[in-house]
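Just so it is clear, the structure is predicted and the values come from calculations on it, not from any experiment. Lettering of chains follows the sequences in order, A, B, ..., and the numbering in each one begins at 1. Note: hydrogens, waters and symmetry copies are ignored here, and every other heavy atom, side chains too, is used.
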There are 2 protein chains.
Amino acid sequence: MNTFAHQTLKTYDLRHTGCREAILMAFYEQPTALSHGHLEELLPNLYDRVTIYRTLKTFVEKGIVHKVLDEDGIRYALCKTACSHQHHHHDHVHFKCVACGQTTCLETIVIPQIALPNGYKSQEINLLVQGTCLSCNVTIDSNTY
Amino acid sequence: MNTFAHQTLKTYDLRHTGCREAILMAFYEQPTALSHGHLEELLPNLYDRVTIYRTLKTFVEKGIVHKVLDEDGIRYALCKTACSHQHHHHDHVHFKCVACGQTTCLETIVIPQIALPNGYKSQEINLLVQGTCLSCNVTIDSNTY
DNA sequence: CTGTGTGCAAACACTTTGCAGGTGT
DNA sequence: ACACCTGCAAAGTGTTTGCACACAG
């Protein structure tokens, strides 16, 4: 029984099941945001497609993971420490590499203040940066020589 | 024959057809981003679902409209003057009102410089702000009294 | 033991593809 | 006249729902 998964499920008052543990571990081990399809590949034939959908939905509702939107669809990533149980913060910066296709959560970057038009109120901000990541840039550069 | 639609189609080297004119007019008249579903409702039974899909795809490829991502899926909005034919700029700020569900393009707001981690290169930035818009705030406030 | 989670089947929604015929230039 | 656009049918993909059984607490 894995400690991280066990702790997380306990914290959020969810039953400890194989599928939930496996998905939590997948997120824990992968530094990138995962789509439903990714999870299906990572946990081949272990759990039903539908169960994965339902598990993801549960995790989003509980605030364990958050949705990441990019051009290819919806992905999910763990909410890090900044998201406590009560005080869930929703401002996320995501980086999508157009070369390798990986999407990562940039936890360290703070979104600057945005001046909205008068009368508009902001609740949540999502920033998606698309470009090339460190390892892909290295590859591209070395191929250039 | 509508001037705006006619001009746009001419500029982008596209044939002038009923469906294309109707969709361009819909975007022109609506200040908000439209999804495929919205267009189907706005142009009821005039054109086939498939034709609307294909028209949208064509417009995106030509740079006439751009995709807007929000939690509910993909929408489209006209690229304004800042996007010229050759020099297409991809940095967009979108505001989604959680009360009325409308998504608008905030053309006037400039995205601040984001400090990416070393070795990362940015090509395109998308910022989605969610909150309540002017007219919804007015409604909410007046109901409070 | 009880309520929740899972698997399976099926329904549903969204989007793409192939093809024949119609239309703009 | 020709290339391109459209409509229809069908397939493909992603997601949700209903129900019976299994399992965690």
Whole-Å gap separating P (D:dG25) and CG (A:Asp13):
11 Å
Backbone of A:Leu128 reached by a side-chain donor or acceptor of B:Asn126 within 3.5 Å
no
Over how many whole Å does the gap from A:Glu41 atom CD to D:dG14 atom P extend?
10 Å
So which protein nitrogen or oxygen atoms get under 3.5 Å of nucleotides 22-25 of chain C's nitrogens or oxygens?
unit_1 : atom_1 : unit_2  : atom_2 : d
C:dT25 : OP1    : B:His16 : N      : 3.0

Ring pair (Phe, Tyr, Trp, His ring centres under 6.0 Å) partners of residues 95-125 of chain A, not counting sequence neighbours, each pair once
A:Phe95-B:Tyr120, A:Tyr120-B:Phe95
With a 3.5 Å distance limit and no angle check, can you tell me whether A:Glu21 reaches the backbone of A:Asn2 through a side-chain donor-acceptor pair?
yes
Could you tell me how far apart B:Ile52 (CD1) and C:dT17 (P) are, to the nearest whole angstrom?
18 Å
Taking D:dT15, D:dT16, C:dT16 as options, the one with an atom nearest any side-chain atom of B:Lys57 is C:dT16
Taking side chain to side chain donor-acceptor pair (under 3.5 Å) as the criterion, tell me which of A:Thr104, A:Thr103, A:Thr32, A:Asp72 meets it with A:Lys96.
A:Asp72
In this structure, how many angstroms lie between the C1' atom of D:dT15 and the CG atom of A:Leu39, rounded?
15 Å
Is there a side-chain contact between A:Tyr53 and the phosphate of D:dT16, meaning an N or O under 4.0 Å from OP1 or OP2?
no
CZ of A:Phe4: more than 12 outside heavy atoms within 6.0 angstrom?
yes
Send over the distance from A:Leu56 CG to D:dT15 P, rounded to a whole Å.
10 Å
Output the single nucleotide from C:dT16, D:dT15, D:dT6 whose closest atom is nearest the side chain of A:Arg49.
D:dT15
Please determine, for the side chain of B:Asp48, which listed nucleotide (C:dG5, C:dG7, D:dC8) has the closest atom?
D:dC8
Comparing A:Arg54 with B:Arg54, nearest DNA chain C nucleotide closer to 5' gives the residue A:Arg54
Point-to-point distance, once rounded to the nearest 0.5 Å, from NE2 of A:His36 to CZ of A:Arg49
7.0 Å
Between A:Ser35 and A:His38, do the side chains contain a donor N or O and an acceptor N or O under 3.5 Å apart?
yes
OH of A:Tyr47 versus P of D:dC23: gap in Å, rounded?
12 Å
A:Leu46 atom CG is separated from C:dC8 atom P, nearest whole Å, by 12 Å
